[in-house]
2 protein chains.
Amino acid sequence: MAQSDTVDRILDAAEELFAERGFSETSLRMITGKAKVNLAAVNYHFGSKNALIHAVFARFLSPFSTTLETAFDNLEDRCDGKPPTLYETLWALTESAVRMPQRNDRGISIFMRLLGLAYTQSQGHLRKFLEQEYSQPFGRFMRLLKEATPELSSVDRYWRIQFMLGATAFTMSSSDALRDILQNKTGIETSVQEIGARLVPFLAAGMQAPDKLLTPPPESKVSVA
Amino acid sequence: MAQSDTVDRILDAAEELFAERGFSETSLRMITGKAKVNLAAVNYHFGSKNALIHAVFARFLSPFSTTLETAFDNLEDRCDGKPPTLYETLWALTESAVRMPQRNDRGISIFMRLLGLAYTQSQGHLRKFLEQEYSQPFGRFMRLLKEATPELSSVDRYWRIQFMLGATAFTMSSSDALRDILQNKTGIETSVQEIGARLVPFLAAGMQAPDKLLTPPPESKVSVA
DNA sequence: GTCTGTTTGAAACATACGTTTGAAGCACCG
DNA sequence: CGGTGCTTCAAACGTATGTTTCAAACAGAC
């Protein structure tokens, strides 16, 4: 077999198991079992379980990161000088995610689910790793968002960006389950692309919502009584 | 000491530790250590770790559930016949969450973080437990949402509800961290109430976004080239 | 005071985990 | 052929987990 078929088999198995069960809930024995590889192979090739987690992320995040950079390049080229609109910026992001070359048909779901888990599951080492390795495209995205929403105060923008991240990470991290539920209830099949296409207008509208009102709706003076 | 001071001490400790570390990452020994209680007490009083998790949720979810029901009652009374607006419905929910009597000042954050974890951390038993115990207020909320957005197709509504849930669960589950970050960057203090007040307009706007476009923005034919 | 049922305590149990070890296997080059 | 460097393998290591055990402590009723 090729030099490191083993490495790829471990990565494949780990990726899938992490995506469907989380990190702490996936043991090395499950991974090596699924990959049909000896238990010690993980520590031999990667060094530790945490390093394996990093490798899983690096394998799809690094290509995605460059894809994203060129997408942003194209975007800025097209509207030379003027900053891209919010809608365009968001769309460039989802396009990049969706058009990533995938290893298999579940690729995108896994990709999304892992990203969601990374944000959600508070694995300290992972957060540090991601911040170190991928701060550049992330920072650029933030800059584009800022230029696309000059009307927002930076505090407003800050919170609304968190809301966007949440809606995205959460939805994508359970996109498989959500698709299945809808499929069972209505028989409708939904592609990840379609979820993205539904998400973008939602996010754009929320981001550009009329001035936040720090007050309850006018009729609700009774609510405490 | 009172008959089951022990039970409450365990619940308090478990609640906090679960909120800050997740379920699998929190061991019974950490909990009993923090609660200053014998290790065996957990299995004696609750039966198992999973049952303890359920108990933690039940303790704050049951009162919240009844608070929410009366909030919805008030809401429907006030606008007799006509269905409440989306904004009013969302506001009733956040009001209920925010006005819940709390055990301490971090109460709301913990509450929110646990809810987020419940959705995110795919603990099968927890999902089942929550669905069984709290399907009624959840179903009612869904019904109100449906009546408040008659213009949406049920598929659109389905996805946008997921987006709302995501933005909420995610933001709230890391509200502590997000507040600290903003505090460090700008010196601005933010209350959970205020986050809720910012969230509602975002969600309402997203929910009522113009018809979802399944197409990229007009200028982006180049994006694949 | 003594008995009874409940609660606590220290210790052990069995199991699962991540990691390490050292021998065996293998491909390649001299 | 013999040796060298990388890879695989079965087995074990040490540690941590959830759970169980059973004796001690306790409270309340008689």
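So you know, we letter chains A, B, ... as the sequences are listed, proteins then strands, and number each from 1.
B:Leu39 meets the side-chain contact (heavy atoms from CB on, under 4.5 Å) test with B:Leu28, B:Arg29, B:Thr32; sequence neighbours excluded. Remark: A:Glu133 pairs with A:Phe129 by the side-chain contact (heavy atoms from CB on, under 4.5 Å) rule, at least two apart or across chains. Partners of A:Asp73 by salt bridge (Lys or Arg N to Asp or Glu O under 4.0 Å), not counting sequence neighbours, listed by chain and number: A:Arg140. Legend: residues meeting side-chain contact (heavy atoms from CB on, under 4.5 Å) with A:Met207, ordered by chain and number and at least two apart, are A:Leu86, A:Thr149, A:Leu152, A:Arg157, A:Arg160, A:Ile161, A:Met164. Every residue was checked against the side-chain hydrogen bond (donor to acceptor under 3.5 Å, both in side chains) condition with A:Asn43, not counting sequence neighbours, and none meets it. The side-chain contact (heavy atoms from CB on, under 4.5 Å) search around A:Lys34 returns A:Ala13, A:Glu16, A:Leu17, not counting sequence neighbours.
Axis orientation changes by 20° from one end of the helix from C:dG1-D:dC30 to C:dG30-D:dC1 to the other, with each end axis drawn from 5 pairs and the value rounded to 10°.
Residue A:Lys36 contributes atom NZ, which lies 17 Å from atom C1' of D:dT8 at whole-angstrom precision. Spacing between atom CZ of A:Phe46 and atom C1' of C:dG18 amounts to 15 Å, rounded to whole angstrom units. Between the CD atom of A:Glu25 and the P atom of C:dG18 there is a distance of 11 Å, given to the nearest Å. As rounded to whole Å, 16 Å separates atom C1' of C:dG18 from atom CG of A:Leu17.
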Inset, instruction - Produce a footprint string for nucleotides 17-23 of chain D: one letter per nucleotide, 5' end first; B if the base is under 4.0 Å from any protein heavy atom, S if only the sugar-phosphate is, - if neither. - result: BBBBB--
Donor-acceptor contacts, no H, no angles, side chain residues 55-66 of chain B, under 3.5 Å, sequence neighbours left out:
residue: B:Arg59; atom: NH1; partner: B:Asp12; partner atom: OD1; Å: 3.1
residue: B:Arg59; atom: NH2; partner: B:Asp12; partner atom: OD1; Å: 2.9
residue: B:Ser62; atom: OG; partner: B:Ala58; partner atom: O; Å: 3.1
residue: B:Ser62; atom: OG; partner: B:Tyr134; partner atom: OH; Å: 2.9
residue: B:Thr66; atom: OG1; partner: B:Pro63; partner atom: O; Å: 3.0

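Side chains of B:Ser24 and A:Glu25: a donor on one and an acceptor on the other come within 3.5 Å.
Residue B:Thr6 places none of its side-chain N or O atoms closer than 4.0 Å to OP1 or OP2 of C:dT7. For B:His45 and C:dT6, the shortest distance from a side-chain N or O to OP1 or OP2 is not below 4.0 Å.
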